Amino acid sequence: MKKNILFGLIILSFVLAGCKQDVKEEKEASTEVTKELSGGQEEVTETPEHTEIPGQNTQSFKGRVIENQTFEIQLNDWGMVTFTSVAPEENSNNPEFLLVKNDKVIYEFPEIKADASDSFKQISGVKFSDVNMDGKKDVLLLLQYCNDGDSWNMPVIFLQENPDNMMYLDYPNLESYKVEAKTENGTPFYRDTFFEEFLGKQHLTEKLSDMEGVWTDYVEYLDSISGATMDIQKQIEVFAQNRDKWATDIDFADEQYKFTLADLDMDGQVELLVSHSGGTGFFSYTSFYNVDKDGKLKELNTTFSEYESQPDLMDQVSDESDVMVYSNIINGKGYYNYIVYDLMKESPSSYVYRVSSLAIVDDVVTETKLAVEYETYDGPDYAATVSYKDYTGAELTEEEYYAYAAAYYDAQNAAEHQAHFQWKDVSDIVNASDEEAVQMLTEVYNAYSFD
């Protein structure tokens, strides 16, 4: 990269210029706003034939109306109204959304504030749907922003207020996530920005349909993080205070004995991984813990066989490890599949190298076995005999074996990511003070990344 820094800067300048030009065109020519979504086309309400909205209350945004993201809609007790999308003002990156009736603005939706360094690019889609299943239509938006040549969708949901279906905002520390816009004319809307963050963490922002059908999972998530588990730092403190339960002596296979922290399923609950390996068979074993809704240390169940070697999660020569991850959405819920490997010595002359994936499914660490490499050394010259199979027993070529995990999840339209872990020796934390233990756990958590 250093050898090509001048070339890279030139390319970057073109990318940034393109991003800025997109923003300029969005503001100056709303009729040219594209309706394509990242990840494919999304079915939305058809754009009506648009006529200019005259009147005293509409002059301030005249010329900024995004015509093909403005819709006539029957909206519960508001009646037939025009949902109006308005491009940001000059030197702003925040679009506005209004309800207009009889040429007058009758409602301004809750404000949207993006980071000052991000540039608004376009509205990727608008949809009207009952997200929280309370019988009232809500408004789903995907707003595309860009920065340094990267672009992404920001989810925004305007929920119609309903006293019978807003108890989820009564959790401690959650009220501040509610963004309101009151009115005397009809039922007001609000944004639950914690819900919007949940959608982002679950990577449910590729298309509008990703944002539907997840309310039940969101409510369960809120239940799971109430109380002590709401705050990451408190979770780390629980792990530190209970290290006598997980940093225990190991009688065998302890050539490596380490721990790390990561949010494996992106639900706001941190998982503690405690792994050890060694012995003549290179056996590995890992225990997984989190903090339950009562603030107690909880060991997660797994689908591992009791007497089988488990996947090698640690690097054999480094305290850092990188893992490929494939995320997919099943019934509106995100799953994160970590590709892991296990090298086992079955006999003095035979080895097995298997690839599988780990995911947390309903609070259970679940292994999906994918493919196996068999390697045997025999004969007078101990020549290696190598074969490959998937877990149905079908023969694979070497090329198919090494590409198996990618092909398996590509067939499920899964997105590819990479997770980075940092590991520390368990022996370092055993005799540490609570404060030192918190510091060590915080260090490995801060080193964890997911791209």
Side-chain angles (χ1 to χ4, degrees), residues 11-47 50 61 63-71 83-98 109-129 131 138-159 179 189 191-193 195-212 214 327 329 334 413 415-417 451:
I11 293 297
L12 179 59
S13 68
F14 279 113
V15 172
L16 290 175
C19 182
K20 292 176 181 177
Q21 181 65 23
D22 284 341
V23 176
K24 181 180 179 182
E25 291 174 354
E26 174 68 33
K27 293 180 179 179
E28 294 182 353
S30 61
T31 59
E32 297 179 7
V33 176
T34 61
K35 207 171 186 181
E36 291 185 1
L37 293 170
S38 69
Q41 294 287 332
E42 174 64 23
E43 182 181 352
V44 297
T45 303
E46 291 294 326
T47 306
H50 182 74
F61 59 84
R64 293 192 290 123
V65 174
I66 302 175
E67 297 187 19
N68 66 349
Q69 298 293 2
T70 293
F71 308 98
F83 176 86
T84 305
S85 300
V86 181
E89 294 182 291
E90 195 67 34
N91 301 320
S92 171
N93 61 356
N94 302 317
E96 301 170 65
F97 298 94
L98 314 166
F109 283 88
E111 66 177 349
I112 297 167
K113 286 188 176 181
D115 290 341
S117 59
D118 297 335
S119 298
F120 174 76
K121 188 174 182 182
Q122 69 172 16
I123 299 175
S124 296
V126 178
K127 193 169 189 178
F128 305 92
S129 178
V131 175
D138 306 305
V139 184
L140 291 71
L141 303 169
L142 283 175
L143 309 182
Q144 193 172 50
Y145 286 83
C146 62
N147 192 338
D148 288 340
D150 295 326
S151 62
W152 63 92
N153 281 331
M154 179 177 119
V156 173
I157 299 182
F158 298 128
L159 299 160
V179 181
F189 289 78
R191 290 175 58 204
D192 178 355
T193 57
F195 180 37
E196 294 170 2
E197 288 181 11
F198 173 81
L199 293 169
K201 288 181 179 179
Q202 294 289 329
H203 303 281
L204 301 174
T205 59
E206 289 298 308
K207 52 187 183 296
L208 289 167
S209 58
D210 290 346
M211 299 158 64
E212 298 180 288
V214 300
S327 65
I329 300 168
N413 296 315
E416 184 177 285
H417 314 274
D451 301 318

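What you see is a predicted model, and the numbers here were worked out from it, not measured in a lab. Numbers for residues simply follow the sequence, beginning at 1.
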### Query
Under a 4.5 Å cut-off applied to non-hydrogen side-chain atoms, are F97 and I112 in contact?
yes

### Message
Suppose we screen for side chain to side chain donor-acceptor pair (under 3.5 Å). Which residues come up paired with D118, at least two apart in sequence or across chains?
### Response
N147

### Query
Quick one: are F158 and R191 in side-chain contact, heavy atoms under 4.5 Å?
yes

### Task
Return the minimal non-hydrogen interatomic distance between P155 and L142, and the atom names on each side.
CA-CD2, 4.0 Å

### Query
For the residue pair D210 and T205, what are the closest heavy atoms and their distance?
OD2-N, 4.3 Å

### Residues in side chain to side chain donor-acceptor pair (under 3.5 Å) contact with S327, at least two apart in sequence or another chain
H417

#### Entry: Test side chain to side chain contact (heavy atoms under 4.5 Å, CB included) applied to V131 and L140, step by step
CA-CA 8 Å; V131 175; L140 291 71; 3.3 Å; yes

### Task
State whether the side chain of R64 and the backbone N or O of A87 hold a donor-acceptor pair below 3.5 Å, judged by distance alone.
yes

### Query
What's the shortest heavy-atom distance between I66 and T70, and which atoms?
O-OG1, 2.9 Å

### Summary
Applying side chain to side chain contact (heavy atoms under 4.5 Å, CB included) to N94 and not counting sequence neighbours gives S92, K113, A114, Y145

### Message
Parallel, tilted or perpendicular: which one describes the rings of F71 and F128, with boundaries at 30° and 60°?
### Response
perpendicular

### Message
Quick check: do T84 and V65 have side-chain heavy atoms less than 4.5 Å from each other?
### Response
yes

### Message
Using the side chain to side chain donor-acceptor pair (under 3.5 Å) criterion, which residues pair with E416? Sequence neighbours excluded.
### Response
Y326

### Message
Out of the candidates N153, L143, L141, L208, only one should pair with S124 under the side-chain contact (heavy atoms from CB on, under 4.5 Å) rule; please name it.
### Response
N153

#### Entry: Nearest-0.5 Å distance, SG of residue C146 to NZ of residue K121
6.0 Å

### Task
Mind listing the closest non-hydrogen atom pair of P95 and P88 along with its distance?
N-CG, 3.6 Å

### Task
Considering non-hydrogen atoms only, spot the tightest contact between I157 and M211 and give its length.
CG1-CE, 3.7 Å

### Query
Side-chain contact, heavy-atom cut-off 4.5 Å: F83 with V139?
yes

### N/O donor-acceptor pair under 3.5 Å between N93 side chain and D115 backbone
yes

#### Entry: Short side-chain to backbone donor-acceptor contact, E212 and S129, under 3.5 Å
no

### Side chains of V156 and F109 in contact at under 4.5 Å (non-hydrogen atoms)
no

